[in-house]
2 protein chains.
Amino acid sequence: MLVPMGRWEPNARDRLAQAALTLFQEHGYDRTTVEEIAARAGLTERTFFRYFTDKKEVLFGGSDALHERIVTCIADAPQGTAPLDAVAAALESLAPFFKDRRDHARARQTLLAAHAELRERELIKLASLASAAAETLRGRGVTEPTASLAAEAGIAVFKVAFERWLEDPKAQDLSRHIQFGLDELRAVTASTGPRTPTEPSRPLARPARARKP
Amino acid sequence: MLVPMGRWEPNARDRLAQAALTLFQEHGYDRTTVEEIAARAGLTERTFFRYFTDKKEVLFGGSDALHERIVTCIADAPQGTAPLDAVAAALESLAPFFKDRRDHARARQTLLAAHAELRERELIKLASLASAAAETLRGRGVTEPTASLAAEAGIAVFKVAFERWLEDPKAQDLSRHIQFGLDELRAVTASTGPRTPTEPSRPLARPARARKP
DNA sequence: GGAGTGATGTCAGTAGCTGACATCAAGGAG
DNA sequence: CTCCTTGATGTCAGCTACTGACATCACTCC
């Protein structure tokens with residue numbers, strides 16, 4: 001090795017995560033055992049479970065960083081920022097995190113699409129982001145249920161925007177997709193309530209688009 | 001027994017679900033084995049797994065009915081109904097399902113609060129409702145991402161409304177909580193965008209309430 | 001009355017996950 | 001220099017969730 005190091009190879013955690021992703025792609029998620037992952041990283045099954053509570057968790061490495069970033073970003077929003085804007089700005093600030101990892105994110109998404117258990121984990125991570133955002137809003141004086149709704153709505157926009165970003169052939173920035181999603185959400189909520197149908201030929205009234213994605 | 005019956009006691013599925021809930025409450029979720037649940041229902045572990053794919057799944061019995069109700073309700077919404085209104089109406093139509101089961105729902109919620117794995121399952125059920133709603137909207141001519149956003153926003157409102165309904169000391173109807181949540185969501189999205197702070201004394205601008213909960 | 005059917009039981013096996021204890025290099029205190 | 005502590009790892013035994021294969025046996029239909 002080039003760099004002198006301690007008793008063990010460094011970055012055990014990263015090695016495990018890398019080994020796991022590779023093996024999952026090569027042989028599928030369920031046909032990969034934790035023992036195999038550990039072996040490929042030069043470690044033991046027991047050590048794997050010291051780094052990750054779960055076999056699933058190995059796919060959700062960076063989520064703490066996102067969590068932290070969202071919280072500080074909302075906390076630091078300028079005075080007078082509307083709750084949903086604060087959340088949206090926080091979510092947009094995550095774009096750089098993903099910018100260089102679109103391929104990685106795609107590979108991950110493919111796995112998620114095929115395995116409900118992994119989607120479950122993804123959803124609870126997002127829900128945890130939402131509740132952290134809500135709590136930060138509350139710390140700024142936003143009352144319930146406004147705080148929770150702003151947070152949940154923001155996360156809903158993020159979910160949709162993220163999926164479309166992964167599929168976007170034009171590879172536009174994630175933050176643009178978020179902005180567009182927000183505009184769509186505004187249109188969806190604005191066009192609501194008892195109303196006279198203005199386009200009788202259409203099955204359901206459609207809100208106008210606010211911005212091009 | 002009063003009613004002549006076949007070779008086995010009827011309602012194996014319900015017996016299992018009932019036994020599970022009781023045992024979870026008495027001894028906690030992880031300290032209850034599937035074998036114990038099955039034994040209490042007069043069945044075998046193997047049979048349990050014929051009815052439920054999972055140990056967790058035993059707590060999510062009625063979700064198919066909700067799914068179906070939401071789909072038909074959105075599909076049957078009158079022409080010209082705005083997407084979010086169709087979703088909201090569908091969610092409100094679920095209120096009768098829960099009306100008589102507030103205690104049951106509370107017991108369940110207590111378990112969910114204590115066990116992340118159960119919350120994961122709850123979240124994926126809700127997400128599945130959202131995507132079913134979105135697909136039904138699409139079937140009515142609503143385009144993406146409007147359909148997904150309306151569905152996700154609706155589910156977000158439902159999540160918040162449901163929690164508040166469970167805690168509501170006045171025990172107001174779930175559908176009222178949903179309506180109130182919708183109004184709040186509208187306020188949250190309407191008050192958004194670059195703006196001049198109107199209340200400099202408050203840390204964050206607060207949208208006005210539209211209705212009393 | 002015999003064949004088929006469907007809900008259940010039995011059994012053996014895999015793999016995720018945990019607790020308890022051992023190991024062993026690095027670094028600091030004496 | 002030696003001893004002792006510390007922290008990351010290994011070893012081992014064990015539990016339980018979950019699965020596949022096959023057996024059972026009352027009921028039903030021909």
Side-chain angles (χ1 to χ4, degrees), chain A residues 1 3-21 23-24 26-61 111-112 114-122 124, chain B residues 1 3-21 23-24 26-61 111-112 114-122 124:
Chain A
M1 320 283 163
V3 184
M5 59 195 78
R7 182 180 176 191
W8 302 282
E9 301 293 315
N11 301 327
R13 193 186 187 89
D14 292 344
R15 270 156 46 216
L16 285 166
Q18 180 58 50
L21 184 58
L23 288 173
F24 291 164
E26 284 176 2
H27 309 133
Y29 177 76
D30 352 87
R31 284 189 304 173
T32 304
T33 80
V34 173
E35 196 178 359
E36 287 166 349
I37 300 171
R40 175 151 195 163
L43 293 167
T44 321
E45 191 190 16
R46 193 65 185 85
T47 299
F48 177 97
F49 285 111
R50 287 199 179 95
Y51 282 100
F52 304 99
T53 62
D54 237 25
K55 179 179 173 185
K56 305 163 209 158
E57 195 67 17
V58 74
L59 283 170
F60 296 83
L111 283 170
L112 297 204
H115 298 276
E117 355 158 28
L118 298 176
R119 243 173 300 140
E120 287 186 337
R121 182 58 48 88
E122 172 93 336
I124 207 173
Chain B
M1 319 285 163
V3 184
M5 61 195 76
R7 182 181 176 190
W8 303 282
E9 301 291 317
N11 300 328
R13 192 188 187 90
D14 292 345
R15 270 155 49 215
L16 285 167
Q18 181 57 50
L21 184 58
L23 288 173
F24 290 164
E26 284 176 3
H27 308 132
Y29 177 76
D30 347 272
R31 284 188 305 173
T32 304
T33 81
V34 173
E35 196 178 359
E36 288 166 350
I37 300 171
R40 174 152 198 162
L43 294 168
T44 322
E45 193 190 15
R46 193 63 185 90
T47 300
F48 177 96
F49 286 111
R50 288 201 179 93
Y51 282 100
F52 303 100
T53 62
D54 236 28
K55 179 180 174 186
K56 306 163 210 161
E57 196 67 14
V58 75
L59 283 169
F60 297 84
L111 283 170
L112 297 204
H115 297 277
E117 353 158 27
L118 297 175
R119 241 173 302 139
E120 287 185 340
R121 183 57 50 88
E122 173 92 336
I124 208 173

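In what follows, chains are A, B, ... by sequence order, proteins preceding strands, each numbered from 1.
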Problem - pair Val58(B)-Val34(B): side-chain heavy atoms closer than 4.5 Å - result: no

Exercise for the section: Report yes if the side chains of Phe24(B) and Leu59(B) come closer than 4.5 Å at any heavy-atom pair, otherwise no. Expected result: yes

Exercise for the section: Record whether the side chain of Arg50(A) comes under 3.5 Å of the base of dG10(D) through a donor-acceptor pair of N or O atoms. Expected result: yes

Exercise for the section: Could you check Thr47(B) against Thr53(A) and say which one's nearest nucleotide on DNA chain C is further toward the 5' end? Expected result: Thr47(B)

Handout entry: Interatomic distance, Asp54(A) CG vs dC17(C) P [rounded to whole Å]
Key = 5 Å

Problem - Side chain Thr44(B), main chain Arg46(B), donor-acceptor under 3.5 Å - result: no

Completion exercise
Lys55(B) NZ to dC15(D) P, in whole Å, measures 16 Å

Handout entry: Nearest-angstrom distance from the residue atom CZ of Phe48(A) to P of dA8(D)
Key = 18 Å

Practice task
Calculate the interatomic distance between Ile37(B) atom CD1 and dT16(D) atom P; express it in whole Å.
Solution key: 13 Å

Practice task
Return the value, rounded to whole Å, for the distance between atom CD of Glu45(A) and atom P of dT18(C).
Solution key: 11 Å

Practice task
May I ask you to say what Glu35(A) touches in the nucleic acid, namely base, sugar-phosphate or nothing, with a heavy-atom cut-off under 4.0 Å?
Solution key: nothing

Practice task
For Thr32(A) and for Arg46(A), locate the closest nucleotide of DNA chain C by heavy-atom distance; then report the residue assigned to the nucleotide nearer the 5' terminus.
Solution key: Thr32(A)

Problem - Minimum side-chain heavy-atom gap Glu57(A)-Tyr51(A) below 4.5 Å - result: no

Exercise for the section: Would you classify Tyr51(B) as touching base, sugar-phosphate or nothing, given that sugar-phosphate means primed atoms plus P, OP1 and OP2, and contacts are heavy atoms under 4.0 Å? Expected result: sugar-phosphate

Practice task
Grab the CZ-P distance between Phe49(A) and dA20(C) for me, whole Å please.
Solution key: 18 Å

Exercise for the section: Starting at atom CZ of Arg15(B), determine the distance to atom P of dA7(C), rounded to an integer number of angstrom. Expected result: 14 Å

